[in-house]
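To keep things clear, I will list the structure first and then write my remarks on it.
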Amino acid sequence: MNEFKEILRETEISANSTFDVSSIRNDFPILQTLVRGKPLIYLDNAATTQKPQAVIDKITDYYTSGNSNIHRGVHLLSQKATKEYEDSRKTIQQFIGAAHPEEIIFTRGTTESINLIASAWGRQNIGPGDEIIISHMEHHSNIVPWQMLCKEKGAGLRIIPINDDGELIYDEYLRLINEKTKLVSVVHVSNSLGTVNPVKDIIREAHKYNIPVIVDGAQSIQHLEVDVKDLDCDFFAFSGHKIYGPTGIGVLYGKKQFLEEMPPYQGGGDMIASVSFEDTTFNELPYKFEAGTPNIAGAIALAEAVKYLNNIGIARIAKYESGLLDYAIDAIGPVSGIRLIGTARNKSSTCSFVLDGVHPHDIGTMLDVDGIAVRTGHHCTEPVMKRYGVPATTRASIAFYNTKEEINVLVKSIEKVIKMFS
Ligand code: PMP
């Protein structure tokens, strides 16, 4: 434990005065955990992030003193919960620069947000012979809903290829756009390669032909400044749990004009204006897309996470993380037998690698012995694995509470794995 305290003190000294990592770490109680007697080194942030005390407290406070169902109650608790829930929508709106609060739809997460678009917008707007463009580096949740829709409608999926560094081949994207293209849906930051895609250019190009664009922001919202008005994306999806909020809550941003024209996604309470056995009229935005009792505590805690990040500043977080990622790549890359998967010029958060002759699951298991949490597997991006001819990778993904010293421990641990298997 003393060794770890020493590490933290060093970090404090090495951190620039405006970014005090050790004080940030104190906000995340789980980071004090010992794993197999070793201080937890949590490098699985692309799978899910840890929660600051402020978020944990918010959930406890809500259930301790604020729990009530929202929107239709006349009693005080219901009014209070409704206000907090709707204020949370406004916090998210401001955070991503949306024009209107009703452009923020609360969902279960990125997966549900994309399925909502595929189901509501897709069924109405995609027909036989139409084409949907996605990229080779999409998460399964930005592949499968479109594949299902294309099968149902007799439409086709077109794939923007990637180069050996894991960057989109932009000219191929331009070549794929044609009069049959009805939609482009791309990931902002790849969860398995770390590539930051030029989504603003992709959107501008598609808009020349009035093609709407969805951005999967599951891995960008927590690392980069996102302004949906500046990007001019038509939809933007993200998950609460990847941005230091709870699981089971996420966001779909959609431009009002699109959301207005889309039919509801699910039917039930709250999404209606009036119901008879003959017919139903639907509620206005955003409620049209929020059938049933939502994850009230989740939305409120997500807003708390956003406030917590705003207090630190996403720009400062991005700068710190970028330096740390460079450090990790420079430290891991040269280790004998390591092959980095994803060497794009513009990367965020993620360092994926394979090791000659050692299966990633064995690496992950051995790192766990040293208290290091990484992810091994295909990361829900099987086409990416196929592209690189590997079954799986080991992925270390960083957050702003990670330190260079933790990366040093990771490298030492990888070297131990190499020694063990050689
Ligand atoms: N897209 C990307 C790029 C992701 O990394 C993830 C989660 N790994 C998802 C979509 C799906 O997110 P969720 O499971 O939270 O719905």
Side-chain angles (χ1 to χ4, degrees), residues 42-51 92 105-119 134-148 159-160 162 166-168 184-199 202 213-224 226 231 233 235-253 265 294-295 298-299 301-302 305-306 321 341-342 344 346-352 373-385 387 392-399:
Y42 188 75
L43 293 167
D44 194 16
N45 294 286
T48 200
T49 52
Q50 298 302 347
K51 318 305 170 198
I92 307 296
I105 312 294
F106 284 120
T107 63
R108 281 196 297 126
T110 310
T111 304
E112 188 175 50
S113 297
I114 295 172
N115 275 277
L116 190 161
I117 313 167
S119 176
I134 59 171
S135 85
H136 201 120
M137 67 174 86
E138 298 309 319
H139 187 277
H140 295 164
S141 61
N142 199 26
I143 301 174
V144 184
W146 306 118
Q147 219 162 38
M148 288 161 65
I159 315 297
I160 312 168
I162 56 177
E167 295 163 327
L168 291 182
V184 175
S185 189
V186 283
V187 70
H188 198 172
V189 173
S190 156
N191 66 309
S192 52
L193 300 167
T195 312
V196 181
N197 285 319
V199 284
I202 290 171
V213 182
I214 302 168
V215 175
D216 171 352
Q219 298 292 346
S220 62
I221 191 74
Q222 66 282 51
H223 299 300
L224 312 173
V226 169
L231 286 178
C233 53
F235 298 98
F236 189 95
F238 67 93
S239 304
H241 70 100
K242 307 231 191 225
I243 183 169
Y244 312 100
T247 50
I249 185 77
V251 169
L252 171 63
Y253 157 80
Y265 168 52
N295 184 350
L302 170 57
V306 163
E321 288 179 346
I341 303 290
N346 197 1
K347 268 177 69 107
S348 168
S349 171
T350 286
C351 182
S352 268
V374 294
R375 189 137 299 236
T376 59
H378 54 57
H379 317 295
C380 294
T381 57
E382 282 192 54
V384 171
M385 299 299 114
R387 167 70 177 73
T393 73
T394 302
R395 179 186 70 184
S397 52
I398 59 165

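When a ligand or atom number is given, it counts from 1 through the structure's own listing order.
- By the ring-ring contact (aromatic ring centres under 6.0 Å, His included) test, Phe106 is found to be paired with Tyr85, residues two or more places apart in sequence or in another chain being considered.
- Remark: His378 pairs with His140 by the ring-ring contact (aromatic ring centres under 6.0 Å, His included) rule, at least two apart or across chains.
- The shortest side-chain heavy-atom distance between Met137 and Asn197 falls under the 4.5 Å cut-off.
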Less than 3.5 Å apart, N/O on ligand 1 and N/O on the protein: could you list those pairs with the distances?
residue, atom, partner, partner atom, Å
ligand 1, 1 (N), Asp216, OD1, 3.3
ligand 1, 1 (N), Asp216, OD2, 2.6
ligand 1, 5 (O), Gln219, NE2, 2.7
ligand 1, 8 (N), His139, NE2, 3.3
ligand 1, 8 (N), Lys242, NZ, 2.7
ligand 1, 15 (O), Ser239, OG, 2.7
ligand 1, 15 (O), His241, NE2, 2.8
ligand 1, 16 (O), Thr110, N, 3.4
ligand 1, 16 (O), Thr111, N, 2.9
ligand 1, 16 (O), Thr111, OG1, 2.6

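- A heavy-atom distance below 4.5 Å is not found between the side chains of Thr107 and Tyr265.
- Applying the side-chain contact (heavy atoms from CB on, under 4.5 Å) test to His379 and every residue at least two apart in sequence or in another chain returns Asn191, Ser192, Ser352, Arg375, Thr381, Met385, Thr393, Arg395.
- His188 places a side-chain heavy atom less than 4.5 Å from the side chain of Leu224.
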